Amino acid sequence: DGGITQSPKYLFRKEGQNVTLSCEQNLNHDAMYWYRQDPGQGLRLIYYSQIVNDFQKGDIAEGYSVSREKKESFPLTVTSAQKNPTAFYLCASSLVTLRTEAFFGQGTRLTVV
Amino acid sequence: DAKTTQPPSMDCAEGRAANLPCNHSTISGNEYVYWYRQIHSQGPQYIIHGLKNNETNEMASLIITEDRKSSTLILPHATLRDTAVYYCIVRAFNSNSGYALNFGKGTSLLVTP
C-alpha cells in the first residue's frame, strides 16, 4: 500500500534533549511538509521541502531542524532550543502541483517532561 | 494566500445531509478550494477539491459559487463517524510556503443520533 508513515505514534523526552521524528513516504512525491498542532488549533507549517537536498523554513521553524537526503524521507529534529516542544506533529507529502491532494501521516504526539 | 471563513461549529442529525459553508472572497483565479477533515488525534484526511466546477466523489460534493467567493461541502447522509473538524483551504503556490496547505481553525461538526 502506498502511503506516508510517521513513527513513533507517541514519544516522551526529558527537557533539554533533542528528539528526531521520522516521516517516510512511498508515494513518489517530491514535496514533503512538517506541521505542528496545539490543542484546539489548526496546523502550523514548520518546514517544507520541494526537492531532495533542499528545504525551506515555514512559519514556526525556530527550534527545529530537518534534512532531505532521500526523496522518501523527511525527518524532523526538535532541538532543545524549542521552548514549547510538547505538541502533535504531522508530516505530509504531495506532488509539486496545486491540482492533486496532499497526504498526511497519522502524527506523532511528543510530550516533553 | 486567500483567507477562508468558516463557522466554528455545526450540528447535524445522523442520516441528514451536512452542509458546511466556507467564504473565500479574496480567492484568485488559479487557487483551488480544498476540504480536509480531522478526527481527534489523527492526521487530516483529504475529502475533495475543486477550481471552478462543482465536484463529487464517494465521500462528498463540493459546490462552488459562480463568482468563486464561497463554497459548500455537502456530506449527503451524515453518520456518527463524520464527527470531525472540517477545514476549508484555499491552496495556492506561495514563495514562503511552496505548495503547502494553510490551515485555519475549521468547523467542528457534531453528528448526533
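Quick caveat: nothing in here was measured; it's all calculated off a predicted structure. Reminder, nothing fancy here: chain letters follow the sequence lines and each chain counts from 1.
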Rounding to 0.5 Å, atoms OG1 (A:Thr100) and OH (B:Tyr46) come to a distance of 9.0 Å
Single-linkage hydrophobic cluster, 4.5 Å side-chain cutoff, B:Trp35 and B:Ile39 together = no
Which atom pairs, one a donor and one an acceptor, fall under 3.5 Å between side chains of residues 101-113 of chain A and the rest of the protein, sequence neighbours left out?
residue, atom, partner, partner atom, Å
A:Thr108, OG1, A:Pro8, O, 2.6
A:Arg109, NH2, B:Ser41, OG, 3.2

Do you know the tightest heavy-atom contact between A:Arg99 and B:Tyr32?
-> CG-OH, 3.0 Å
Whatever's closer than 4.5 Å to a heavy atom in chain A on B:Gln38 counts as side chain
Proximal component of B:Tyr99, with respect to chain A [non-hydrogen, under 4.5 Å] | both
Chain B contacts: which residues in residues 60-94 of chain A have a non-hydrogen atom closer than 4.5 Å to it?
-> A:Phe88, A:Leu90, A:Ser94
Mind listing the closest non-hydrogen atom pair of A:Leu98 and B:Asn30 along with its distance?
-> CD1-O, 3.5 Å
Mind checking which of residues 75-88 of chain B sit less than 4.5 Å from chain A, heavy atom to heavy atom?
-> B:Tyr87
Under 4.5 Å from a heavy atom of chain B, the part of A:Gln6 involved = neither
Is there a path of hydrophobic side-chain contacts, each under 4.5 Å between heavy atoms of I, L, V, M, F, W or Y residues, that connects B:Ile64 with B:Met59?
-> yes
Linking I/L/V/M/F/W/Y whenever any side-chain heavy atoms sit under 4.5 Å apart, do B:Leu109 and B:Ile74 land together?
-> no
Find out if a path of hydrophobic residues (ILVMFWY) with successive side-chain heavy-atom gaps under 4.5 Å connects A:Tyr35 to A:Val96.
-> yes
Residue pair B:Leu101 / A:Tyr33, side-chain heavy-atom distance below 4.5 Å = no
Ordered numerically, the heavy-atom neighbours of chain B under 4.5 Å found in residues 38-59 of chain A are A:Gln41, A:Gly42, A:Leu43, A:Leu45, A:Tyr48, A:Gln50, A:Lys57
